[in-house]
**Q** 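Starting off with a structure, shown below.
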Amino acid sequence: IPVLTILVFSPLFPTEASMAQTVTQSQPEMSVQEAETATLDCTYDTRESNYYLYWYKQTASGGQMIPIIRQEAYKQENATEDRFSVNFQKAAKSLGLKISDSQLGDAAVYFCALQEHTVRQAPGRG
Ligand SMILES: *[C@@H]1O[C@H](CO)[C@@H](O)[C@H](O)[C@H]1NC(C)=O
């Protein structure tokens, strides 16, 4: 049975960095057999209550980051996209990614990202 390797890295901030953002992913690398389920962990820290969480996939070093799933923090249900789903625990600030029925094309580097979307006031001019 073919084995695929999944790498997880952090941190990644898709937008302008703002203070107090942290993303932590504990497993550096994992291998799963084709058709198995892979579960990736991510915890984050933020003081905001309104934010988006993403999992991105990068198939080649230096290649494009492909967003695969987005969880909105206010949503009461776990986001699902095709074979991907999240386990979002807002109180624990954790966003697991579950890849069902793994395929060889899933071998990639995965990034978890936090995007705070507080509207910031432009600095006053006088
Ligand atoms: C996501 O699923 C997990 C496992 O079923 C559950 O514990 C958690 O509460 C769910 N999160 C949301 C936001 O529904």
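Heavy atoms only: backbone and side chains are in, while hydrogens, waters and symmetry mates are out. Counting starts at 1 for both ligands and their atoms, in listed order.
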**Q** Just need the protein heavy atom nearest to atom 1 (C) of ligand 1, so name the residue and atom and give the distance.
**A** Asn78 ND2, 1.5 Å
**Q** Pick out which of Tyr56, Trp55, Tyr54 makes a side chain to side chain contact (heavy atoms under 4.5 Å, CB included) with Ile69.
**A** Trp55
**Q** How close does the nearest protein non-hydrogen atom get to atom 11 (N) of ligand 1, and which residue and atom is it?
**A** Phe88 O, 2.9 Å
**Q** Taking atom NZ as the centre, does Lys98 end up with more than 12 heavy-atom neighbours from other residues, nucleotides or ligands that are less than 6.0 angstrom away?
**A** no
**Q** Counting C-beta onward and ignoring hydrogens, is there a side-chain heavy-atom pair between Lys57 and Asp106 closer than 4.5 Å?
**A** yes
**Q** Contact between Lys90 and Tyr51 at the side-chain level, heavy atoms closer than 4.5 Å - yes or no?
**A** yes
**Q** Is there a nitrogen or oxygen of Val86 sitting under 3.5 Å from a nitrogen or oxygen of ligand 1?
**A** no
**Q** Pick whichever of Gln76, Gln89, Glu72, Lys75 has a heavy atom sitting closest to atom 8 (C) of ligand 1.
**A** Gln89
**Q** Of all the non-hydrogen atoms in the protein, which one sits nearest to atom 3 (C) of ligand 1, and at what distance?
**A** Asn87 OD1, 3.3 Å
**Q** With hydrophobic residues grouped by side-chain heavy-atom distances under 4.5 Å, do Tyr110 and Met30 end up in a single group?
**A** yes
